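Keep in mind that this is a model prediction, so the values were computed, not measured.
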Amino acid sequence: MTSPEIASLSWGQMKVKGSNTTYKDCKVWPGGSRTWDWRETGTEHSPGVQPADVKEVVEKGVQTLVIGRGMSEALKDGIQGAQLNLNC
């Protein structure tokens with residue numbers, strides 16, 4: 001099973017094939033997608049993506065992970081150098 005494709009992307013709007021939802025930010029994994037609410041894990045532009053964000057999609061079966069940095073590339077990679085325990 002593969003992750004859904006991004007159907008369209010523009011500032012503040014992302015559509016995923018197979019979903020009727022228009023996302024501001026989203027997470028996709030094999031067989032699904034959902035809104036990415038940064039408040040759930042404390043994600044902010046800096047320090048950036050949190051280990052819990054990565055762990056969630058890996059547990060859903062992602063084998064290759066692509067982390068977008070946003071339209072202005074303002075989102076930092078907060079997991080760089082972090083020790084991730086992803087024994088899924």
Side-chain angles (χ1 to χ4, degrees):
M1 184 180 308
T2 61
S3 295
E5 292 181 34
I6 304 301
S8 65
L9 175 64
S10 61
W11 194 278
Q13 293 189 347
M14 185 178 301
K15 294 187 179 188
V16 176
K17 285 187 180 178
S19 173
N20 294 326
T21 303
T22 299
Y23 300 105
K24 178 179 180 287
D25 296 300
C26 70
K27 297 180 183 184
V28 296
W29 59 85
S33 63
R34 76 169 187 90
T35 296
W36 179 12
D37 182 349
W38 291 16
R39 295 171 294 188
E40 293 174 347
T41 60
T43 294
E44 295 182 6
H45 285 109
S46 181
V49 178
Q50 298 299 297
D53 294 312
V54 174
K55 185 174 182 186
E56 177 187 2
V57 293
V58 169
E59 286 174 343
K60 292 181 182 285
V62 167
Q63 294 177 347
T64 302
L65 180 63
V66 176
I67 301 173
R69 297 192 53 216
M71 301 298 273
S72 297
E73 296 185 7
L75 180 61
K76 305 290 187 233
D77 174 4
I79 60 170
Q80 188 173 39
Q83 181 150 354
L84 302 176
N85 183 6
L86 300 175
N87 297 324
C88 305

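- Looking at residues two or more places apart in sequence or on another chain, you find a side chain to side chain contact (heavy atoms under 4.5 Å, CB included) between Pro47 and Gln50.
- Connection of Val58 to Trp29 is established within a shared hydrophobic cluster, with ILVMFWY side chains joined at heavy-atom distances below 4.5 Å, either directly or through further cluster members.
- Using a 4.5 Å cut-off on side-chain heavy atoms (C-beta onward), Leu75 and Val49 make contact.
- Applying the side chain to side chain donor-acceptor pair (under 3.5 Å) rule to pairs touching residues 2-15 yields Glu5-Lys17, sequence neighbours excluded.
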Which pairs would a plain distance check flag for residues 33-40, meaning a side-chain donor or acceptor within less than 3.5 Å of a matching protein atom at least two apart in sequence or in another chain?
| unit_1 | atom_1 | unit_2 | atom_2 | d |
| --- | --- | --- | --- | --- |
| Ser33 | OG | Tyr23 | OH | 2.7 |
| Arg34 | NE | Glu56 | OE2 | 2.8 |
| Arg34 | NH1 | Glu40 | OE1 | 3.4 |
| Arg34 | NH1 | Glu40 | OE2 | 3.4 |
| Arg34 | NH2 | Glu40 | OE1 | 2.7 |
| Arg34 | NH2 | Glu56 | OE1 | 3.0 |
| Arg34 | NH2 | Glu56 | OE2 | 3.3 |
| Trp36 | NE1 | Asp53 | OD1 | 3.1 |
| Asp37 | OD1 | Arg39 | N | 3.0 |
| Asp37 | OD1 | Arg39 | NE | 3.0 |
| Asp37 | OD2 | Arg39 | NH2 | 3.2 |

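- Listed for the Ser19 side chain is a donor-acceptor partner under 3.5 Å among the backbone atoms of Thr21.
- If you chain together hydrophobic residues whose side chains sit under 4.5 Å apart, Val62 and Ile67 fall into the same group.
- Minimum interatomic distance between Val57 and Val28 (heavy atoms only, all atoms of both residues): CG1-O, 4.1 Å.
- Here the shortest heavy-atom pairing between Gly61 and Pro30 reads O-CG, 3.7 Å.
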